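Comments concern the structure below.
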Amino acid sequence: MTTSYDCTAAEQRAAGLEHAQRAIREHKCVVFPTDTVYGIAADAFSPQAVTLLLASKGRSRKMPPPVLIPRLNALDGLATDVPAEARRLAEAFWPGGLTLILHAQPSLDWDLGETRGTVALRIPADDIAQDLLTLTGPLAVSSANRTGQDAAQTAADAQAQLAESVEVYLEDGHRPVDGEGSLPSTIIDATALPLRIVRQGTISLARLREVVPGLLDLDGNADGAAPAAEPAAGPVAE
């Protein structure tokens, strides 16, 4: 049975987080706020749960979900061959609206879809998201909406689209909290050098280049250089 919690009230927030942790352990989906939009989450290490997440959204395995992590030191447990430039970006912009596509650790027992050996990682800058991730560990997370519909900016918006496919809805008001329109995270392909933006989002190219000056833009250009080859990273959806 679907349950919604008003996380602006301390008692409901605690109960909601406990229920969400239990739901994740039981391979069910939950909806919770992030710093960008509301996300639908499932246990990243449960193929059954990830399949349910994708089905809830009406999405195929060709668009695997990113993985949210609670802290920076989880990076090396989930990814391998992390470039120094990617590590600098993570240190500068995590928690925040930056997603890094990296080579996944080959020893991990998970199935996120057709990732071509990659994983997209992010640490969200949101207290409820951080609290849940601390309880559950890494979560496969996508925007809480049916494919083709607007991303949910409240849990109520998400519930109107996802209904009973989600066990727990954690409501904490509008996201982003400033009430502006939703912007997704900026995604960078860090599977090869030079690093390259593959989706522009909340963090601008100018800010990113303050940390990694050689970062390629969406067209594969760095400071007017000729376009680079297409990135090798697998698809990612948020």
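Both backbone and side-chain heavy atoms feed into the values below; hydrogens, waters and symmetry mates do not. Positions are given from 1, in the same order as the sequence printed here. As the structure is a computational prediction, the values presented were derived from the model and not from experiment.
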Under the side-chain contact (heavy atoms from CB on, under 4.5 Å) rule, what do L102 and L75 come out as? Steps first, then yes or no, please. CA-CA 10 Å; L102 298 154; L75 174 64; 3.5 Å; yes
Passes salt bridge (charged side-chain N to carboxylate O under 4.0 Å, His left out), D157 versus R175? Steps please. CA-CA 11 Å; D157 290 343; R175 290 297 188 277; over 6 Å; no
Please assess R209 against D217 for the test side-chain contact (heavy atoms from CB on, under 4.5 Å), listing each intermediate value before the final yes or no. CA-CA 10 Å; R209 279 183 172 167; D217 63 18; 4.1 Å; yes
Residue pair T186, F93: steps toward the side-chain contact (heavy atoms from CB on, under 4.5 Å) verdict: CA-CA 11 Å; T186 297; F93 296 106; over 6 Å; no
Under the side-chain contact (heavy atoms from CB on, under 4.5 Å) rule, what do R61 and D111 come out as? Steps first, then yes or no, please. CA-CA 10 Å; R61 287 172 50 83; D111 182 7; 3.2 Å; yes
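With hydrophobic clusters built from ILVMFWY side chains whose heavy atoms lie under 4.5 angstrom apart, F45 does not share a cluster with L52.
A heavy-atom distance below 4.5 Å is found between the side chains of L133 and P124. For the pair L195 and L89, the minimum side-chain heavy-atom distance is below 4.5 Å. In this structure, the side chains of I128 and D131 stay at 4.5 Å or more apart for every pair of heavy atoms. Residues V166 and Q159 fail the side-chain proximity criterion, which asks for heavy atoms closer than 4.5 Å. Taking 4.5 Å as the limit, every side-chain heavy atom of P65 sits out of range of all side-chain heavy atoms of V141. Using a 4.5 Å heavy-atom cutoff, the side chains of L162 and Y169 are in contact. Counting heavy atoms from C-beta outward, T191 and R116 have side chains that stay 4.5 Å or more apart. In this structure, the side chains of W110 and L78 come closer than 4.5 Å at one or more pairs of heavy atoms.
Not one N or O on the side chain of E164 forms a donor-acceptor pair closer than 3.5 Å with the backbone of E167. A donor-acceptor pair under 3.5 Å is formed between the side chain of T147 and the backbone N or O of K57. Although no hydrogens or angles enter the test, the distance criterion places no donor-acceptor pair under 3.5 Å between the side chain of Q161 and the main chain of N145. Using modelled atom types, one side-chain atom of E171 and one backbone atom of A156 make a donor-acceptor pair closer than 3.5 Å. For Q130 (side chain) and L132 (main-chain N/O), no donor-acceptor pair under 3.5 Å exists by modelled atom type. In terms of modelled atom types and a separation under 3.5 Å, the side chain of Q105 and the main chain of A79 share a donor-acceptor contact. In this structure, R146 contributes its side chain and S56 its backbone to a donor-acceptor pair below 3.5 Å. Side-chain atoms of R196 come within 3.5 Å of backbone atoms of L218 as a donor-acceptor pair (strictly under, hydrogens ignored).
Looking at every heavy atom in both residues, A86 comes nearest to L100 through O-CD1, 3.6 Å. Shortest non-hydrogen contact noted between L98 and I188 is CD1-CD1, 3.7 Å. Contact between A151 and V37 at its shortest, heavy atoms only, is CB-CG1, 4.0 Å. Residue I24 comes nearest to A41 through the heavy atom pair CD1-O, 3.9 Å, listed as atom of the first residue, atom of the second, then distance. Between H27 and S46 the shortest heavy-atom distance is ND1-OG, 3.0 Å. In this structure, D126 and D35 approach most closely via the heavy-atom pair CB-N, 3.8 Å.
A salt bridge links R87 with D76; the closest basic N to acidic carboxylate O contact falls under 4.0 Å. Contact check on R13 versus D172 returns no salt bridge, with no Lys/Arg side-chain nitrogen under 4.0 Å from an Asp/Glu carboxylate oxygen.
Residue E18 qualifies as open at atom CD: its count of foreign heavy atoms under 6.0 Å is 12 or below.
From E210, atom CD reaches atom OG of S204 across 7.5 Å, with rounding to the nearest 0.5 Å. Note that CZ of R88 and CD of E85 are 5.0 Å apart. Values are rounded to the nearest 0.5 Å. How far NZ of K62 is from CD of E114: 6.5 Å, rounded to the nearest 0.5 Å. How far CZ of F32 is from CG of L170: 8.5 Å, rounded to the nearest 0.5 Å. Considering CD1 of I197 and CG of L208, their distance stands at 5.0 Å, rounded to 0.5 Å.
Ring planes of H19 and Y5: perpendicular class, angle over 60° (limits at 30 and 60°).
Using modelled atom types, one finds a donor on one side chain and an acceptor on the other under 3.5 Å when comparing S185 with T99.
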